[in-house]
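Residues take their numbers from the sequence shown, with the count starting at 1.
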Amino acid sequence: MKTLRQAKIGETVTVVKLHGEGAVKRRIMDMGLTRGVEIYVRKVAPLGDPVEITVRGYELSIRKADADMIEVQ
């Protein structure tokens, strides 16, 4: 299982599954991160938090804890 947090800068990945429950999972889905969507990893901060991505044509920064809940391939 590979998570979004493990994706390298410049890599394009596809969401396979969202882990987590309740409000956290709903918030991730509300940001447009749903199964099958492609994500381009733009930048990662020096300490790994946050991760800047491009999804559905817009830029988004997410915490590494949230990135760990997103399984990609």
Side-chain angles (χ1 to χ4, degrees):
M1 178 181 95
K2 180 179 177 182
T3 64
L4 181 57
R5 184 176 173 190
Q6 297 165 333
K8 305 290 183 215
I9 297 171
E11 189 175 359
T12 300
V13 294
T14 304
V15 177
V16 176
K17 184 177 181 181
L18 296 175
H19 299 279
E21 297 178 9
V24 175
K25 186 174 181 178
R26 170 55 51 196
R27 186 169 50 83
I28 291 171
M29 292 176 71
D30 287 345
M31 289 188 283
L33 298 167
T34 55
R35 185 174 32 206
V37 73
E38 286 192 347
I39 298 173
Y40 174 72
V41 181
R42 293 177 45 92
K43 294 184 212 170
V44 178
L47 297 177
D49 198 17
V51 178
E52 187 176 312
I53 60 174
T54 300
V55 58
R56 298 181 190 253
Y58 66 93
E59 295 167 5
L60 180 67
S61 291
I62 60 172
R63 297 181 291 214
K64 62 183 174 183
D66 293 341
D68 270 338
M69 295 181 195
I70 303 168
E71 185 178 336
V72 296
Q73 67 177 8

His19 side, atom NE2; Lys25 side, atom NZ - distance, nearest 0.5 Å: 9.0 Å
CD1-CG distance between Ile39 and Leu4, expressed to the nearest 0.5 angstrom: 5.0 Å
Cluster link Val16 to Val41, ILVMFWY, side chain under 4.5 Å: no
Value rounded to 0.5 Å, distance of CE in Met69 from CD in Glu21: 9.5 Å
Option from Thr3, Val37, Ile53, Val72 for which side chain to side chain contact (heavy atoms under 4.5 Å, CB included) with Val13 holds: Val72
Within 6.0 angstrom of Arg63 CZ, more than 12 heavy atoms from elsewhere: no
Connected via hydrophobic side-chain network under 4.5 Å: Tyr40 and Leu33: no
Option from Asp49, Ile70, Ile28 for which side chain to side chain contact (heavy atoms under 4.5 Å, CB included) with Ile62 holds: Ile70
Arg35 CZ to Met29 CE distance, which is reported to the nearest 0.5 Å: 8.5 Å
Heavy-atom pair with the smallest gap, counting every atom of Glu11 and Lys2: OE2-NZ, 2.6 Å
Gap separating the OG1 atom of Thr14 from the CD atom of Glu71, nearest 0.5 angstrom: 12.0 Å
Charged N-O contact under 4.0 Å between Asp68 and Lys64: no
Closest approach of Gly32 to Arg56 (non-hydrogen atoms, all atoms of both residues): O-NE, 2.8 Å
Closest non-hydrogen atom pair between Ile9 and Arg42, with its separation: CG2-O, 3.3 Å
